[in-house]
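Worksheet: one structure, shown below.
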Number of protein chains: 2
Amino acid sequence: MSTSRTIPAKTGNARTKLLDAAIALVRRQGFSATSVDQLCQMAGVTKGAFFHHFANKDALGAAAADHWTDTSSSLFMEADYNRHADPLDRYLAYLDFRDEIATGEVAEFTCYAGTSLQECYGSSDAIRDAAYQSIAGHSARLAEDLDQAIAQYGAPEGVTGLSLGLYTQAALQGAFILAKGQGNAAPVHDAIAHLRRYILMLFNREGKI
Amino acid sequence: MSTSRTIPAKTGNARTKLLDAAIALVRRQGFSATSVDQLCQMAGVTKGAFFHHFANKDALGAAAADHWTDTSSSLFMEADYNRHADPLDRYLAYLDFRDEIATGEVAEFTCYAGTSLQECYGSSDAIRDAAYQSIAGHSARLAEDLDQAIAQYGAPEGVTGLSLGLYTQAALQGAFILAKGQGNAAPVHDAIAHLRRYILMLFNREGKI
DNA sequence: TACAACATACCAACTAGTCGGTATGTTGTA
DNA sequence: TACAACATACCGACTAGTTGGTATGTTGTA
């Protein structure tokens, strides 16, 4: 889905190294504050390679968002929480999983898509669209489970799977911002606890609170 | 509170015009993508004036966060929703108010503090601290009402006013990111609806859903 | 031998920040 | 009350360095 735009072969090694460098550096410093030279240095590649693979810096930023979609979606697809038979259990286990992976340095668990969307939405359409696609696609994946849960257990008027999926992402993205302010993952764990409590009450399901 | 750091007189007119320009431009383009020249142009001021009032660009960014705290806190302090006698009604009316003011261009209702905190947390300690102070302070204000509501109506183990106040900000900040992706305020309205539903269930209060 | 995948050398534009200068207060004191 | 001494607010040309981007190689391999 996210790779549909990047028709070119993606053969080279330099390309991938540049995309990984972009994700690491942009999460730490933001997009504008990260220079092409810096990206090349971290990737161990020269400027010629950079502009061989990407038309300009914005194109790298957008391609990195697609790269982020690919790597993170495979992370979530292969995770254990998908094994649960019950859709609501699956969602709750997804929250557990997100809780677990929010450790270490702040820049290591925050979201490339959210960061670059926040910063670049006004200056680069390509980055904005690719970054939003990343978040919206992930929400849509969550929405499948949530729609099944709604069909099975019912939900108040107006509550849809997609709406809950997007809200989940919103709460997480916002918690990442707070985590950047505090310098640790505490706000993420807190937000997930509130999110879980909301869902449990919404579906009248008792569980650890 | 937020002005405690800025002991200097703040007399000049150029200073305020630069702070207003910073808030407008950074919300649209981000901090790094906004140049000093651009700020001066929008403020109708020269570079000499800029560096007379601010030691460097980062100092302007941090001062703008304080300025944002001042203007937004007076906006919320003077708003009607504070008139409610019941603390929970006050919080719910706060949500209504936030719902109302989320209109027009995305850059006009999103948060300077959240934007610059997200972007600058790794490159400027001064901006990070001032921006986080802005959000944390606002959360603390909310927490007062929420603590009163908890004292009055009770709440599950581990739910505190501050925790709910921070979670409220997280959901809003995250919704702003989604709004930037979609280009409209719909995600903000959605997030507020979920937030309201959560609070109503948490305090066993029926209300419009 | 043709072409993709890189490397090297370079540039024009822009960047934050400096510096000498002016105009308009304010304040202490004779 | 007059005037020297100083402070504040602001101007705009200048600079050293950085930026994204280009033009022109080289090299491995199909």
Discussion item. If only side-chain N and O atoms count, and only distance matters, is there a donor-acceptor pair under 3.5 Å linking A/S32 with B/S32?
Written reply: no
Fill in: Rounded distance in Å - NE2 (B/H53) to P (C/dA16)
18 Å
Worksheet, complete the sentence: Among the nucleotides D/dG21, C/dT15, D/dC10, whichever has the atom closest to the side chain of A/K57 is D/dG21
Worksheet item: Can you tell me how far C1' of C/dA4 sits from CG of A/N13, to the nearest Å?
Response: 14 Å
Discussion item. Ring-plane angle category for A/F76 and A/Y94, please: parallel below 30°, perpendicular beyond 60°, tilted otherwise.
Written reply: tilted
Worksheet item: Between the side chains of B/T168 and B/Y91, is a donor N or O closer than 3.5 angstrom to an acceptor N or O?
Response: yes
Discussion item. Distance check needed: C/dC6 P versus A/F54 CZ, whole Å only.
Written reply: 11 Å
Discussion item. How many whole angstroms separate atom CZ of B/F31 from atom P of C/dT15?
Written reply: 13 Å
Discussion item. Just to be sure I understand the rule, does A/S32 reach a base, reach only the sugar-phosphate, or reach nothing, if contact means heavy atoms closer than 4.0 Å?
Written reply: nothing
Worksheet item: Can you tell me if B/R90 uses its side chain to pair, donor with acceptor, with the backbone of B/D145 under 3.5 Å?
Response: no
Practice prompt. Could you give me the stems involving DNA chain C, meaning stretches of three or more consecutive Watson-Crick or G-U wobble pairs whose two defining distances are both below 3.5 Å?
Written response: C:1-30 with D:1-30
Response to the item:
What one should report as the nearest heavy-atom pair of B/F31 and B/K57 is O-NZ, 3.0 Å
Discussion item. With the threshold set at under 4.0 Å for non-hydrogen atoms, list the residues of residues 37-51 of chain A touching DNA chain D in residue-number order.
Written reply: A/K47, A/F51
Worksheet item: Does a nitrogen or oxygen in the side chain of B/H52 sit under 4.0 Å from OP1 or OP2 of D/dC10?
Response: no
Worksheet item: Over how many whole Å does the gap from B/L18 atom CG to C/dA16 atom P extend?
Response: 13 Å
Worksheet item: Rounded to the Å, how far apart are A/R15 CZ and C/dA4 P?
Response: 16 Å
Fill in: Within-4.5 Å side-chain heavy-atom neighbours: A/V106 and A/F176
no
Discussion item. Does this structure show an ion pair linking B/D96 with B/R196, if we count only N-O contacts that are shorter than 4.0 Å?
Written reply: yes
Worksheet, complete the sentence: CG (A/L172) and CG (A/L95) are apart, to the nearest 0.5 Å, by 7.5 Å
Worksheet item: Are B/D20 and B/H67 side-chain neighbours, meaning at least one heavy-atom pair lies under 4.5 Å?
Response: yes
